[in-house]
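Here is the structure we will look at.
Owing to the predicted nature of the structure, the values given are computational and were not obtained by experimental measurement. So you know, we letter chains A, B, ... as the sequences are listed, proteins then strands, and number each from 1.
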2 protein chains.
Amino acid sequence: MSRASDRAYSGIRSMILSGELPAGSQIGEEALAERCGVSRTPVRDALRRLESELLVKRNEAQRSFVADWSLDDIADGFELRAMLEGHAARRAAERIDDETLQRLRRCNIEILAAIQTNPPDVTGFLDGNREFHAVILEAAKSPRLAAMLGALIEQPVVWRTAQQYGREALRRSHGEHEELLAAFARHDGDWAQSVMTSHIRRAFHAYADAHQGLAAIDAGSGS
Amino acid sequence: MSRASDRAYSGIRSMILSGELPAGSQIGEEALAERCGVSRTPVRDALRRLESELLVKRNEAQRSFVADWSLDDIADGFELRAMLEGHAARRAAERIDDETLQRLRRCNIEILAAIQTNPPDVTGFLDGNREFHAVILEAAKSPRLAAMLGALIEQPVVWRTAQQYGREALRRSHGEHEELLAAFARHDGDWAQSVMTSHIRRAFHAYADAHQGLAAIDAGSGS
DNA sequence: CCTGAACCATTTGTATACAATAAGGTGGGC
DNA sequence: GCCCACCTTATTGTATACAAATGGTTCAGG
């Protein structure tokens, strides 16, 4: 993680996620290299990675831009996530061993702890959540599935709006994880898949609602 | 396509697909650069692309190797393809316009022509087949889905064993395409999805059978 | 005033040199 | 004779210089 290429990657990535680099804006390799304190070579490397994750898009003349995600794009991403993570949950349920199941349980306990503080520890929740899903993905034992979902999970918009989630939404998420654990314990692939699918779809609508609110606020402050 | 990076990409790729670079063997950037007649920079670029397509894997020390695909890996890939292409077919059926539908029809006519020559024009069949699926993917109007499937479609093993397909298998493939066209014409997403899913799954079993045969031949000649 | 072509600036692609790192072999010590 | 440490070497990572290509701008001509 200390290599220049990685610093460039995480640096550019956080610039995009934080909105420091606005969506749609052109990003020159030279400028990024300077801001990250590395040369263009690792920046190019990082841009390729980000491009494969669809955080960066390139026009026909190979210029790089920050990808702008329409609500349709985001819905598209969530739809794929629902399908792929549902599939992962099914495979995981059919293959999971007791030790991994225990890891998941501990993970969800940590998530609960993060929720119950006042105010809720959203960062802690997100970390726990990410690990929870990562363990399931690992248990699914499908390297290709893992590679694909890897690119999908880290959607920029989720990060910027996660702070908007209320305690109620966080608690519901924890509850759905509990139901997943029950499905895993019984090795019931069908159950796990449907729970995971609705888990993701609900997350999308929670996002869409929050985003709707944000857009209204933006429009209001703009006028 | 005339850039050095692209030459390196297609060069290395064909070396892997043809078996010139055996599965599991280490591939040094310097050596590849020399063989492709370019410097290491575009080779590195190409290797990253191939890595994201899972044709190349890297160990913990960043050394590159030709990926070796076990039957399990391949089954895994086909399973994902069945799911994702099924999804693409559903979306395409719900969105397709008459002009695109006509393109698909013409495409399948070309496939039929390739089958009916004696001996069957397998290369022509593969080209037509690829375009057929590409048009569907385009009609699905999901950039993320397209990006994901892009990496999956070009499986090396398919290429090496496609020659094994008999005329009967090719004809059945054409027939399934016809059924897909019927589903598209009626904008029946469910129908399209299930036809596509079974189309892919059958293709996998056709491959697995052929591979079984090949493995037996290899074993026989080896002993 | 509009059009278009040529020029200049900006940006990306490629090559090469050098630095860092990991693997493997070799020698010394136990 | 075996094991560990060190050194050598092979391989990848990074920086920089230069080449190619793209886009915008300006100036000339209609």
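Dashed line: the shortest gap from a side-chain N or O of B:Arg7 to OP1 or OP2 of C:dT14 is not under 4.0 Å. Residue A:Thr41 places no side-chain N or O under 4.0 Å from the OP1 or OP2 atom of D:dT14. Phosphate contact (OP1/OP2 of C:dT11, side-chain N/O of A:Gln62, threshold under 4.0 Å): absent. Distances shown here put a side-chain N or O of B:Arg48 below 4.0 Å from the OP1 or OP2 atom of D:dG13.
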Open item on the list: Could you walk me through whether B:Asp6 and B:Arg49 satisfy the salt bridge (charged side-chain N to carboxylate O under 4.0 Å, His left out) test, starting with their C-alpha distance in whole Å, then the side-chain angles of each, then the deciding distance to 0.1 Å, before giving a yes or no?
Closed with: CA-CA 10 Å; B:Asp6 295 319; B:Arg49 272 201 270 174; 3.0 Å; yes
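Each of A:Pro42 and B:Gly28 was assigned the nucleotide of DNA chain D with the nearest heavy atom; the assignment lying further toward the 5' end belongs to B:Gly28.
Within 4.0 Å of A:Ile27, counting heavy atoms only, lie sugar-phosphate atoms of the nucleic acid but no base atom.
Aromatic ring pairs are classed by plane angle as parallel below 30°, tilted from 30° to 60° and perpendicular above 60°; the pair A:Phe78 and A:Tyr207 is parallel.
Relative to the side chain of B:Ser39, the nucleotides C:dT14, D:dT11, D:dG13 differ in distance, and C:dT14 lies closest. For A:Ala61, the side-chain atoms get nearest to D:dG23 when compared with the rest of C:dA23, C:dT14, D:dG23. Comparing D:dG13, D:dT14, C:dT14 by their nearest atom to the side chain of B:Arg40 picks out D:dG13.
Distance A:Leu32 CG to C:dT12 P: 9 Å, rounded to the nearest Å. Rounded to a whole Å, the CD atom of A:Glu29 is 18 Å from the P atom of D:dA20. Here D:dT12 presents its P atom at 8 Å from CZ of B:Arg58, a figure rounded to the nearest Å. For B:Asp6 and C:dT14, the CG to C1' distance is 13 Å, given to the nearest whole Å. Distance, B:Asp45 CG to C:dA15 P: 11 Å, rounded to whole Å. Atom CD in B:Glu60 sits about 14 Å away from atom C1' in D:dT12, given to the nearest Å. We find that CD of B:Glu34 is positioned 19 Å from P of C:dT14, with the value rounded to whole Å. Atom pair A:Glu30:CD and D:dA19:C1' shows a separation of 15 Å (rounding to whole Å applied).
Remark: B:Arg105 does not engage B:Asp98 in a salt bridge, criterion side-chain N to carboxylate O under 4.0 Å.
Environment of CD in A:Gln26: crowded, with over 12 heavy atoms of neighbouring residues, nucleotides or ligands closer than 6.0 Å.
For the atom pair CD1 (B:Ile12) and CG (B:Leu32), the distance works out to 4.5 Å, reported to the nearest 0.5 Å.
Under 3.5 Å, the side chain of A:Arg63 and the base of D:dG23 form no donor-acceptor pair of N or O atoms.
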